Each structure stands twice: as structure tokens, then as C-alpha cells.
Amino acid sequence: MEHSYESVLDAVGHTPLIRLTRVTEGISAPVYLKAEFLNPGGSVKDRAARHMVAAAERDGTLRPGGVIVEGTSGNTGIGLAIVAAQRGYRAIVVVPDKTSTDKLAVLRAYGAEVVVTPGGLPREHPEHVSQLARRIAEQTPGGWFANQYDNPANPQAHVDTTGPEIWAQTGGRVTHYVAGIGTGGTVSGAGAHLKGVSDGRVRVIGADPEHSTYGGGDGSPYYVESIGHYLHPDTAEDVWPQSYHTGVLDAVERIGDREAITVTRALARQEGLLVGASAGAAVAAALRVARGLGPDDLVVVLAPDSGRNYLSKYFDDDWLLRNGFLDGDRTRPVLGDLLAGAPAPAVVPATASTAQAREEFDRTGAEVALVVLGRTSAAPLRAAGDVVGALRRDSLKGDSLDGDSIEPLIAPALPAAGIGEPVDAALARIEGDWFAVLADGRVRAVLPRPA
Ligand code: PMP
């Protein structure tokens, strides 16, 4: 029986390649998208989940009646929940508190238990998603920590399935393979296979958010989910996952949030392909690469999941406007019109002394400073996610000593609005006498509420 499977686990993989025909205008090399959102759990991570569980069953670390534990905000948890359901295991998934309620509902629908922990913690913190998952696995009888970041069965899933599928589907004609780098399993596993079967001819390109440390960014927050490497400023050492085999990659393309989101939306509207922004970033990288290629080349780009997971983000104009990813309709004045002559915002690390803060106020002439997590190699504009509070110049007055920490003086972070938001609408929404203006999710200016 063709296309019939003995269980849902056998239905993982075998995803089609779909040629892009409109976003590729002006490009002569064919570009095919590997549609991983068609997996049973809706993402490429079904492959890794199935492989990790199979390997753990083989080596005896996961035994009948055991408990699968993982720390993840999304797709790996769903993949593991499916495998757990089908194979008769309990699944416990630890998620950061910003995870959407829809995702939690999906996990629970498959019967997984969900444990919520604060997001944005340094990697060493005991409540960090991975640390907590590891501890729960250790303390639960029969517990097994899947650990996609360092589990060799994660990249191996792509050596064994994704890579061979791409080679067979293109009849060995693939010349370039492009995928986002999250744990690194997808790009380096399939990449290693394709290099091996092609005698090194296939070029492997990773797509990485501009601010991620994989491609050389400072690790500050970005908006494309599930790829890249965020670095909390208090993290002592920037440790990369063992699932990411950097030597397999020929290049890493750094993609800004705005470009990734723009391509994501174009894929829906011009190709009829509703994919997530990690796919948008990968396609953006693939288009860059393909522009320099000819008709004898063949690019395969991997789309990890569906845009349905992000309808309230990348496909929501209000969300885009509020975070500064849209320029507005220009029929009425927008916040960007108020920026002429606005100075770069004053920035004070949360650990600064009042003397250091005073210096920054004197240097910039600002009345209100952004209080940020300390980040030594920060990009010129601060990521909204790095801003933890506000400090007013006038709060430094009085008898405070210059050696003192600013800590007791830190006020809550300013309200923020996007650069393309109409002025009247933004002012109706935000409260307070000062506010931050975001462009591409970064603070472009701090402005007083206009009279
Ligand atoms: N995109 C999405 C939507 C994902 O869920 C993941 C997995 N975290 C990735 C990209 C990256 O894949 P990998 O972990 O294999 O690098």
C-alpha cells in the first residue's frame, strides 16, 4: 500500500520538495523548499524526536514505562509528545513562561505534562529551561533527558533521513543546501550526508539571525524564533550545542529580523506557503546564495515549521507595527516623523554606579536613560529585550553618594511603540510622560510625550 504507514512514527519525514516560483524572480538557479511543516507534528523536529527516542531505547537509557523529559519552547516537545503517546511513555516538557498558550495546549492535547519556568535566565541558573529539565529527569524514576542540544541522535536523524531524501528527490543534482541553525542538527546532519554522497561538492549554508553569536553577533535578543544562539549577558561561557558541527558548513548567512519576516510574509502571499520565520530566514539566505548561481545549480532550502504557529506575530500587522517592523501607511503622521534631531538614547548598565549614570546623562544630555543588562559588545541600538528599566536624571539628585549603585533608583522600563505607528494611536495606547520608539525591535529613541 503506497503512502500507508504502520504508525504515525513511520509517517515522519518523506516530505515533498516544492519549487519556489515567484520570490525567485530574476534568479536562474532553481530553488526548492523542503516542506517540513508537513510532518505529523508540524515540524522538522519530529525526525529528531523519533531518532533520539529510538537511540535511547536501543542503549537502554529509556526503558518501558519510562518518562521522556525535555526543555524546549516548541517543536521538539511536540515531536517527543507524539513519540511518547505512540510508544506508551510519559512526557514532561519544560517550557519558558513566554511560550504561547496555543503551544501549551498542543502539548497537553498529546498528553504531555507541561512545566513552566521563567525565560531569559542565564544558562547556569538552576531554573533555566535545560537545567530544570535535566534535574526533573534525574529525580523522576525512569526519567530520561532527551537533551536535543547535545544528543548525537539529533543530527543523526538528518544524516539518516533528511539528507538522503534531498539527494534522492533531486536525483543527486542538489548543489546548495540551506537551513537555519538552532541546535544545529538539521543543517549539520543533512549537510554532512550531502557532502559525503557528493564527494564534497554540495555547499552547506547556515541561516542565522543577525544578532546570534553563531554568525558573529553579540547574542542580544532577536525576534525570529527557534534559530540562532542568544547569549544572556550573565552567562559565563558561550557554549554551543554539540549537535552543531560547524565544520560541515561552508558559510553562515546573517539575516536581520526584518528581512526574515518580509520573506516569511512573501512566501505566504506569493507562493501560498505558510511557514514560520525560521523558514523565512532560511529562504532569505537561499535567495542571497541563489542570486550568484546559474541554471545548472540547484538550491534546497529547509522550511522547519508552519506559519500557523505565529499568526499572532509575523502575520499580525499590529504586532509588527508595535515592534517597529512596519513603516506605517503614511496617511497620517507616524512616530518616525518625531525622530528628526532626536539623540541616540542614553544607556546605563543595571550594575552602574550613580557616578557612571551621571556621566552618561552629561554625555548625552538625556533626561531619561535606558537601564540595560550589561553586554560588552552591544550593537549600536539596544534590543528591547535587553532593556530592564528606566533611570531619570532627576532621581540622581539629592544626597546620594557617587559610589552608590543605581539599583534602588531604577524605575520600570518605559512603554514602547513602533516607528511606523500613527502618533495619535500610539499616544492613546501608551501611558506615562516618556516612551521608547522601536525600529526593528531596537530602541531608536526615547521621547517625551508631545504636549
Ligand atoms: N526552526 C524551527 C521552527 C525549529 O523548531 C527549530 C528547532 N529548534 C529550528 C528551526 C532549528 O533546527 P535545529 O535545531 O535542527 O537546528
Side-chain angles (χ1 to χ4, degrees), residues 12-13 15 33-39 41-52 70-82 93 95-96 99-100 103 106-107 129-130 146-163 177-193 204-209 212 214-215 222-230 240-246 248-249 252 255 260-261 263-264 267 273-286 301-310 313-314:
V12 171
T15 54
L33 180 128
K34 180 99 170 127
E36 289 300 302
F37 50 86
L38 294 174
N39 275 295
S43 90
V44 68
K45 300 304 305 204
D46 290 359
R47 298 178 188 263
R50 181 182 61 179
H51 246 66
M52 291 192 293
E70 181 65 309
T72 162
S73 65
N75 291 323
T76 305
I78 293 169
L80 287 169
I82 290 175
V93 180
V95 301
T99 309
S100 74
K103 279 188 181 167
V106 171
L107 289 168
V129 178
S130 296
N147 195 14
Q148 58 171 331
Y149 287 93
D150 300 320
N151 187 332
N154 166 15
Q156 191 63 37
H158 303 287
V159 174
D160 293 345
T161 71
T162 319
Y177 166 61
V178 187
I181 320 169
T183 65
T186 306
V187 73
S188 41
H193 176 82
V204 178
I205 296 107
D208 196 40
S212 154
Y214 288 145
Y222 43 84
Y223 286 72
V224 172
E225 285 182 37
S226 302
I227 54 170
H229 202 64
Y230 162 75
W240 290 1
Q242 288 167 29
S243 297
Y244 178 31
H245 305 156
T246 56
V248 172
L249 279 73
V252 173
I255 309 291
I261 292 168
V263 174
T264 304
L267 286 167
L273 290 164
L274 188 65
V275 296
S278 69
V283 172
V301 54
L302 187 135
D305 75 348
S306 164
R308 285 196 185 217
N309 300 331
Y310 313 96
K313 285 186 147 183
Y314 318 121

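Counting starts at 1 for both ligands and their atoms, following the listed order. Computed from a predicted structure; not experimentally measured.
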Considering both backbone and side-chain atoms of [X], is one of its nitrogen or oxygen atoms within less than 3.5 Å of a nitrogen or oxygen in ligand 1?
{"X": "Ile227", "answer": "no"}
{"X": "Asn75", "answer": "yes"}
{"X": "Ile181", "answer": "no"}
{"X": "Tyr310", "answer": "no"}
{"X": "Gln148", "answer": "no"}
{"X": "Glu225", "answer": "no"}

(message) For atom 9 (C) of ligand 1, which of the options Ser243, Ser226, Ala282 provides the nearest non-hydrogen atom?
(response) Ser226
(message) List the residues meeting side chain to side chain donor-acceptor pair (under 3.5 Å) with His193, not counting sequence neighbours, and say none if there are none.
(response) none
(message) Starting from atom 1 (N) of ligand 1, what is the nearest protein heavy atom, named by residue and atom, and what distance separates them?
(response) Ser278 OG, 2.6 Å
Just jot down the ligand 1 atoms closer than 4.0 angstrom to any heavy atom of [X], in number order.
{"X": "Gly182", "value": "11 (C), 13 (P), 14 (O), 16 (O)"}
{"X": "Asp305", "value": "3 (C)"}
{"X": "Pro304", "value": "1 (N), 2 (C), 3 (C), 10 (C)"}
{"X": "Gly185", "value": "15 (O), 16 (O)"}
{"X": "Thr183", "value": "13 (P), 14 (O), 15 (O), 16 (O)"}
{"X": "Lys45", "value": "7 (C), 13 (P), 14 (O), 15 (O)"}

(message) Quick one, Thr183 with Lys45, criterion side-chain contact (heavy atoms from CB on, under 4.5 Å). Give me CA distance, side-chain angles, the key distance, then yes/no.
(response) CA-CA 11 Å; Thr183 65; Lys45 300 304 305 204; 3.6 Å; yes
(request) Find out whether Val95 and Lys103 are in side-chain contact, i.e. whether some heavy atom of one side chain is under 4.5 Å from a heavy atom of the other. (result) no
(request) Taking the side chain as every heavy atom from C-beta outward, state whether Asn309 and Asn75 have any pair of such atoms under 4.5 Å apart. (result) yes
(request) Please determine, by modelled atom types, if Gln148 and Thr76 share a side-chain donor-acceptor pair under 3.5 angstrom. (result) yes
(message) Measuring from non-hydrogen atoms of Gly74 to any atom of ligand 1, is the shortest distance under 4.0 Å?
(response) no
